[in-house]
Amino acid sequence: MKIFNSYTNQIEEFISIHPRKVNMYVCGPTVYNYIHIGNARPVVFFDTVRRYLESLGYDVKFVSNFTDVDDKIIQKAIEENETELVISQKYINAFLDDLNALNCNTDYLQPKVTEYMKQIIEFIEDLIKNDFAYDVDGDVYFRVDKIKDYGKLSNRNIDDLISGSRVDINPKKESPLDFTLWKKTEVGINFDSPFSNGRPGWHTECVSMIDNIFHEQIDIHGGGMDLQFPHHENEIAQSKALHNHSLARYWMHNGRLSFKDEKMSKSLGNVVFVKDITDKMPLRYFLLSTHYRSPLNYDEESFSMYVKEWQKLEMAVKSLFLKLDLEKQYNDLIEIASPEILKEIDNFNLAMSDDFNTANAITSIQSLIKTINQSLRQKTNYNHLNQQLKAIMYMANILGLKIQLIPMNSEDRNLYEQWQSARSSKNFSLADELRLKLSQRGII
RNA sequence: GGACCCUUAGCCAAGCGGUAAGGCACGGGACUGCAACUCCCCCACCGCCGGUUCAAAUCCGGCAGGGUCCUCCA
């Protein structure tokens with residue numbers, strides 16, 4: 001298993017800290033709005049990472065947070081005349097709905113900032129105690145120049161950052177690079193602390209949660225490329241300050257998604273919400289069609305290609321299952337022994353093991369679809385068909401592409417037979433009617 | 001102003017020094033009660049100009065075009 005590590009800027013063999021166990025953390029959403037398809041990219045990708053690692057036999061402890069304390073949430077709460085809690089809960093629920101629709105595993109730890117306030121405050125206190133942070137009139141800042149390798153993750157040097165820094169000239173800060181750990185505030189939700197009444201800066205929550213949940217360096221920390229700087233850089237700085245390690249062994253960053261070659265972001269307002277995409281599986285397919293570190297562009301034309309490809313996959317698998325089910329020959333306990341099928345699975349796994357090259361993994365799926373379709377129009381023995389079905393379901397499952405296989409009940413069977421006999425007796429209007437029914441039941 | 005990335009057929013997209021995977025669309029066949037689906041065949045010398053090398057889409061330099069970060073953003 002090879003993973004590109006943003007921290008070292010190279011592809012490395014993945015070795016977990018504890019045998020057969022992977023601790024991973026992915027930066028989650030700030031819950032002030034519905035998620036758009038760009039937000040969905042890391043969500044889907046890291047869900048796929050988890051699935052693949054689990055298929056390799058790792059026990060994966062997956063954690064992803066909810067940022068439920070933030071200026072934007074406060075602003076939204078004021079706009080809608082609601083409490084922050086109501087706002088964040090609403091969008092947390094919406095987020096979980098989207099995850100389910102995208103067939104992402106939602107069974108993982110989802111810590112919220114509000115639930116970790118005590119730990120976050122303690123974390124900041126420790127930083128102050130160790131002289132890595134300083135309190136100015138109730139605001140607390142992190143002293144960046146005390147961290148030797150600051151900039152390593154995002155490949156930049158401190159001098160460039162200082163000379164390039166603009167706008168934000170905060171006289172309270174010792175250095176423009178110092179970042180806020182705690183912000184004294186009167187507006188919106190705020191919390192008691194030894195520093196002041198206020199709320200934590202964004203960069204501390206993840207480190208503090210990781211600290212409290214895992215109690216040690218974790219294996220994988222993931223998130224969008226845009227979080228690399230300053231967010232992840234700052235997480236690393238804090239971790240080095242208190243624990244003298246880089247928080248995670250492997251840092252993984254997915255590339256951004258653009259919309260018609262323009263940046264898609266909530267602030268620009270050109271967003272496509274996940275909830276508004278009717279075809280969620282094609283969306284997942286689309287998000288995995290390009291290697292995760294490459295930029296991905298969304299527009300209706302290219303997305304429609306993936307709708308087609310998805311339908312092709314779904315239809316082939318359904319037809320295959322139907323054939324086996326009709327003859328009562330379906331057997332999911334079968335062992336895959338065919339050399340060609342094993343080879344295809346092998347290719348798939350090789351692609352996935354190569355820094356999660358889902359684009360190439362999909363190629364294996366497409367290739368198997370082709371041979372399935374070929375088999376279906378020939379007389380192929382059931383054993384082989386069962387092997388093909390098992391193989392394609394294995395691949396689809398790792399990519400999280402959910403294909404519903406609906407076994408026929410006696411009524412379905414009856415309909416099917418009537419359809420066939422209507423066809424052979426050339427009663428086409430009846431045949432079409434029955435065909436429609438079967439299709440509505442998801443059988444064909 | 002500083003840092004950095006990308007450019008492969010009409011479109012999407014692999015490749016990362018050994019002579020262009022795959023998919024969609026198009027075109028030509030086949031199958032078919034009609035649709036849909038499916039199958040077979042066909043479809044590029046890799047932005048441009050130089051250099052390194054026995055060998056370059058792959059390495060180096062320049063140019064052109066596009067994009068990102070340095071500020072909230074997955």
Side-chain angles (χ1 to χ4, degrees), chain A residues 11 26-30 32-33 35-46 64 67 70-72 75 151 154-157 159-168 176-177 202 222-233 253-258 261-268 271 285-287 289-291 293-299 301-316 318-319 347 351 354 357-367 369-378 422-429 431-432 435-436 439 444:
Chain A
I11 292 182
V26 177
C27 287
T30 300
Y32 70 103
N33 204 340
I35 61 160
H36 63 247
I37 56 178
N39 297 318
R41 191 176 188 190
V43 168
V44 164
F45 173 66
F46 288 108
S64 186
T67 300
D70 178 271
D71 286 356
K72 289 194 205 106
Q75 200 187 329
S154 51
N155 262 317
R156 41 196 99 195
N157 67 67
D159 293 340
D160 286 341
L161 284 170
I162 293 176
S163 69
S165 76
R166 38 182 208 193
V167 199
D168 184 42
L177 290 186
W202 176 44
M225 210 89 99
D226 49 331
L227 293 184
Q228 211 171 53
F229 186 89
H231 186 54
H232 289 164
E233 201 70 71
H253 294 96
N254 62 277
R256 288 193 66 107
L257 181 140
S258 56
D261 293 318
E262 261 196 329
K263 170 172 157 172
M264 176 184 289
S265 73
K266 291 172 186 170
S267 24
L268 281 184
V271 301
Y285 198 119
F286 166 73
L287 291 172
S289 67
T290 301
H291 185 88
R293 285 190 278 119
S294 301
L296 175 60
N297 183 48
Y298 175 89
D299 62 56
E301 190 198 347
S302 51
F303 183 65
S304 68
M305 295 194 318
Y306 291 97
V307 175
K308 269 185 204 156
E309 288 189 39
W310 160 254
Q311 287 167 344
K312 183 172 176 173
L313 165 64
E314 190 183 35
M315 197 159 301
K318 283 200 153 199
S319 310
N347 286 340
D354 178 19
N357 194 329
T358 52
N360 280 341
I362 284 174
T363 301
S364 296
I365 289 187
Q366 289 167 333
S367 160
I369 290 174
K370 179 161 280 188
T371 60
I372 285 172
N373 281 325
Q374 287 166 337
S375 303
L376 285 174
R377 44 170 38 231
Q378 293 160 208
R423 286 182 68 200
S424 52
S425 61
K426 299 197 189 301
N427 186 349
F428 295 127
S429 60
D432 289 348
R435 181 171 65 190
L436 183 65
S439 137
I444 58 170

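In what follows, every chain begins at residue 1, and chains take the letters A, B, ... in the order their sequences are listed. The structure presented is a predicted model; accordingly, all values stated were derived computationally and were not measured.
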Asks: Can you find a side chain N or O atom of A/Lys318 that sits less than 4.0 Å from OP1 or OP2 on B/C37?
Replies: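 No.
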Asks: Given the C1' atoms of B/C48 and B/C54, what is the spacing between them in whole Å?
Replies: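 Comparing C1' positions in B/C48 and B/C54 gives a spacing of 26 Å.
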Asks: Select from A/Pro42 and A/Ala431 the residue whose nearest nucleotide in RNA chain B is closer to the 5' end of that strand.
Replies: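 First, find each residue's nearest nucleotide; the 5'-ward one identifies A/Ala431.
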Asks: How many angstroms lie between CD1 in A/Ile365 and NZ in A/Lys312, if you round to the nearest 0.5 Å?
Replies: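 Rounded to the nearest 0.5 Å, the CD1-NZ separation comes to 13.0 Å.
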Asks: Which part of the nucleic acid does A/Gly38 contact within heavy-atom distance under 4.0 Å: base, sugar-phosphate only, or nothing?
Replies: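 Answer is base: heavy atoms of A/Gly38 come under 4.0 Å of a base.
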Asks: Searching all strands shown, indicate the nucleotide that pairs with B/G1 (Watson-Crick or G-U wobble; both distances under 3.5 Å).
Replies: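 B/G1 is paired with B/C70.
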Asks: Using whole Å, what does the distance between atom P of nucleotide B/G67 and atom CD of A/Glu262 come to?
Replies: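 So the CD-P distance, A/Glu262 to B/G67, works out to 9 Å.
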Asks: Considering only the P atoms, how many Å lie between B/C60 and B/G65, rounded to the nearest integer?
Replies: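 It works out to 22 Å between them.
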Asks: Give me the ring orientation class for A/Phe286 and A/Tyr298: parallel if the planes are under 30° apart, tilted from 30 to 60°, perpendicular past 60°.
Replies: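 Because their plane-to-plane angle is over 60°, the rings of A/Phe286 and A/Tyr298 count as perpendicular.
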Asks: In whole angstrom, give me the gap between the P atoms of B/C40 and B/C46.
Replies: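 The same atom, P, in both gives a distance of 29 Å.
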Asks: Measuring from A/Ser319:OG to A/Asn373:CG, what's the distance to the nearest 0.5 Å?
Replies: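 Answer rounded to 0.5 Å: 7.0 Å.
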Asks: For nucleotides 42-46 of chain B, tabulate all protein N/O to nucleotide N/O atom pairs closer than 3.5 Å, reporting atom names and distance.
Replies:
none

Asks: Report the base-pairing partner of B/U38 (Watson-Crick or G-U wobble, both distances below 3.5 angstrom), or none.
Replies: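 Check on B/U38: paired to B/A30, both distances under 3.5 Å.
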Asks: Partners of A/Ser367 by side chain to side chain contact (heavy atoms under 4.5 Å, CB included), sequence neighbours excluded?
Replies: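 A/Ser367 satisfies side chain to side chain contact (heavy atoms under 4.5 Å, CB included) with A/Glu344 only.
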Asks: Considering all heavy atoms of both residues, which atom of A/Gly38 and which atom of A/Leu257 are nearest to each other, and what is their separation?
Replies: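 Taking A/Gly38 first and A/Leu257 second, the nearest heavy atoms are CA-CB, 3.9 Å.
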Asks: How would you list, by chain and number, every residue that makes a side chain to side chain contact (heavy atoms under 4.5 Å, CB included) with A/Asp226, sequence neighbours excluded?
Replies: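 For A/Asp226 the side chain to side chain contact (heavy atoms under 4.5 Å, CB included) partners, ignoring immediate neighbours, are A/Arg256.
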Asks: Looking only at atom C1', what distance separates B/A55 and B/A3, rounded to whole Å?
Replies: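 These two C1' atoms come out 35 Å apart once rounded.
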Asks: Whom does B/C24 pair with, Watson-Crick or G-U wobble, provided both distances fall under 3.5 Å?
Replies: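 Its partner is B/G10 (Watson-Crick or G-U wobble, both distances under 3.5 Å).
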Asks: Searching all strands shown, indicate the nucleotide that pairs with B/C54 (Watson-Crick or G-U wobble; both distances under 3.5 Å).
Replies: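 Across all strands, the one nucleotide that pairs with B/C54 is B/G18.
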Asks: Can you check the A/Gln228 CD to B/C73 P distance for me, whole Å?
Replies: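 Answer to the nearest Å: 14 Å.
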Asks: Just the rounded figure in Å: distance from C1' of B/A25 to CD of A/Glu301.
Replies: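 Result: 9 Å.
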Asks: State which of B/C11, B/U68, B/G22 makes the closest approach to the side chain of A/Met305.
Replies: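 Side chain of A/Met305 sits closest to B/C11.
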Asks: Is the phosphate of B/C40 approached by A/Lys370 (side-chain N or O, under 4.0 Å from OP1 or OP2)?
Replies: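 Yes, A/Lys370 has a side-chain N/O under 4.0 Å of OP1/OP2 on B/C40.
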Asks: Taking the same atom, P, in B/G33 and in B/G47, what whole-Å distance lies between them?
Replies: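 Their P atoms lie roughly 48 Å apart.
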Asks: Take atom C1' in B/C72 and the same atom in B/G15, then report the distance between them in whole Å.
Replies: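 Per the computed distance, 37 Å lies between those C1' atoms.
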Asks: To the nearest Å, how far apart are A/Asp70 CG and B/A74 C1'?
Replies: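 The answer, rounded to whole Å, is 14 Å.
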Asks: Consider only side-chain N and O atoms of A/Asn347 and A/Ser364, and report whether a donor and an acceptor are under 3.5 Å apart.
Replies: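 Absent: no donor and acceptor within the cut-off.
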Asks: Evaluate the criterion side chain to side chain contact (heavy atoms under 4.5 Å, CB included) for residue pair A/Lys308 and A/Ser304; output intermediate values, then yes/no.
Replies: CA-CA 6 Å; A/Lys308 269 185 204 156; A/Ser304 68; 5.7 Å; no
Asks: With 3.5 Å as the limit, what N/O pairs link the protein to nucleotides 14-17 of chain B?
Replies:
from  : atom 1 : to       : atom 2 : distance (Å)
B/A14 : OP1    : A/His291 : N      : 2.9
B/A14 : O3'    : A/Asn360 : ND2    : 3.4
B/A14 : O2'    : A/Asn360 : OD1    : 2.3
B/A14 : O2'    : A/Asn360 : ND2    : 2.8
B/G15 : OP1    : A/Asn357 : ND2    : 2.8

Asks: Nearest of B/C70, B/C40, B/C72 to any side-chain atom of A/Gln374?
Replies: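 Per side-chain heavy atoms of A/Gln374, the pick is B/C40.
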Asks: Below 3.5 Å is the cut-off: list the nitrogen or oxygen pairs between protein and nucleotides 5-8 of chain B, distance only.
Replies:
none

Asks: What distance do A/Ser289 atom OG and A/Leu296 atom CG have between them, rounded to the nearest 0.5 Å?
Replies: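 Interatomic distance, A/Ser289 OG to A/Leu296 CG, rounded to 0.5 Å: 5.5 Å.
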Asks: On a whole-Å scale, what distance lies between the C1' atoms belonging to B/G51 and B/C41?
Replies: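 Straight-line distance between the two C1' atoms is 42 Å.
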Asks: Between A/Phe286 (CZ) and B/C11 (C1'), how many Å, whole number?
Replies: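 Atom CZ in A/Phe286 sits about 13 Å away from atom C1' in B/C11.
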Asks: Could you work out which one of B/G33, B/C69, B/A21 sits closest to the side chain of A/Thr363?
Replies: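 In terms of side-chain proximity for A/Thr363, the closest of B/G33, B/C69, B/A21 is B/A21.
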Asks: A/Leu257 near the nucleic acid: base, sugar-phosphate alone, or nothing, with a heavy-atom cut-off under 4.0 Å?
Replies: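 Base contact.
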Asks: Can you tell me how far P of B/A25 sits from OH of A/Tyr306, to the nearest Å?
Replies: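 Between P of B/A25 and OH of A/Tyr306: 13 Å.
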Asks: Would you confirm whether A/Ser375, through its side chain, and A/Thr371, through its main-chain N or O, come within 3.5 Å as a donor-acceptor pair?
Replies: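 A pair under 3.5 Å: yes.
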Asks: Check the pair A/Thr30 / A/Asp70 against side-chain hydrogen bond (donor to acceptor under 3.5 Å, both in side chains), numbers first and verdict last.
Replies: CA-CA 7 Å; A/Thr30 300; A/Asp70 178 271; 4.6 Å; no
Asks: Whether the side chain of A/Asp299 engages the backbone of A/Ser302 through a donor-acceptor N/O pair (distance < 3.5 Å, no angle test) should be reported.
Replies: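 Yes, because the side chain of A/Asp299 sits within donor-acceptor range (under 3.5 Å) of the backbone of A/Ser302.
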Asks: Quick check: closest heavy atoms across A/Val44 and A/Leu287, and the distance to 0.1 Å?
Replies: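 In terms of heavy atoms, the two residues are closest at CG2-CD1, 3.8 Å.
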Asks: Please compare A/Ser302 and A/Lys312 by the position of their nearest nucleotide in RNA chain B and report the one closer to 5'.
Replies: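 First, find each residue's nearest nucleotide; the 5'-ward one identifies A/Ser302.
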Asks: Nearest to the side chain of A/Arg435 - B/C73, B/C39, B/A35?
Replies: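 Nearest listed nucleotide: B/A35.
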Asks: Counting only side-chain heavy atoms from C-beta out, which of B/C72, B/C24, B/C69 sits nearest to A/Lys308?
Replies: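 The answer is B/C24.
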Asks: List, with names and distances, any nitrogen or oxygen atoms from the protein found under 3.5 Å away from nitrogen or oxygen atoms belonging to nucleotides 29-32 of chain B.
Replies:
none

Asks: Going by purine N1 to pyrimidine N3 plus the second Watson-Crick contact, or the G-U wobble pair, all under 3.5 Å, which nucleotide sits opposite B/C63?
Replies: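 Base partner found: B/G47.
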Asks: How far, in whole Å, is B/C63 from B/U53 if one measures between their C1' atoms?
Replies: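 Each nucleotide's C1' atom is 23 Å from the other's.
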Asks: With no hydrogens and no angle check, is any side-chain donor or acceptor of A/Glu233 less than 3.5 Å from a backbone partner on A/Ser154?
Replies: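 Yes; judged by distance alone, with no hydrogens or angles, the pair exists.
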Asks: When rounded to the nearest 0.5 angstrom, what is the spacing between OG1 in A/Thr290 and CG in A/Asn254?
Replies: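 One finds 12.0 Å between OG1 of A/Thr290 and CG of A/Asn254.
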Asks: Do the rings of A/His253 and A/His232 sit parallel, tilted or perpendicular, given the 30° and 60° boundaries?
Replies: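 Geometry flag for A/His232 against A/His253: tilted rings.
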Asks: Is the Lys NZ or Arg CZ of A/Arg156 less than 6.0 Å from the centre of A/Phe229's six-membered ring, within 45° of the axis?
Replies: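 Satisfied, under 6.0 Å and within 45°.
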Asks: Figure out the CZ/P separation between A/Arg293 and B/A74, and round it to whole Å.
Replies: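 Value for this atom pair: 22 Å.
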Asks: Classify the side chain of A/Lys72 and the base of B/C73 as holding, or not holding, a donor-acceptor pair under 3.5 Å.
Replies: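 By the distance-only test, no, there is no pair.
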Asks: Using atom CG of A/Asp299 as one end and atom C1' of B/C12 as the other, report the distance to the nearest whole Å.
Replies: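 In whole Å, B/C12 C1' lies 9 Å from A/Asp299 CG.
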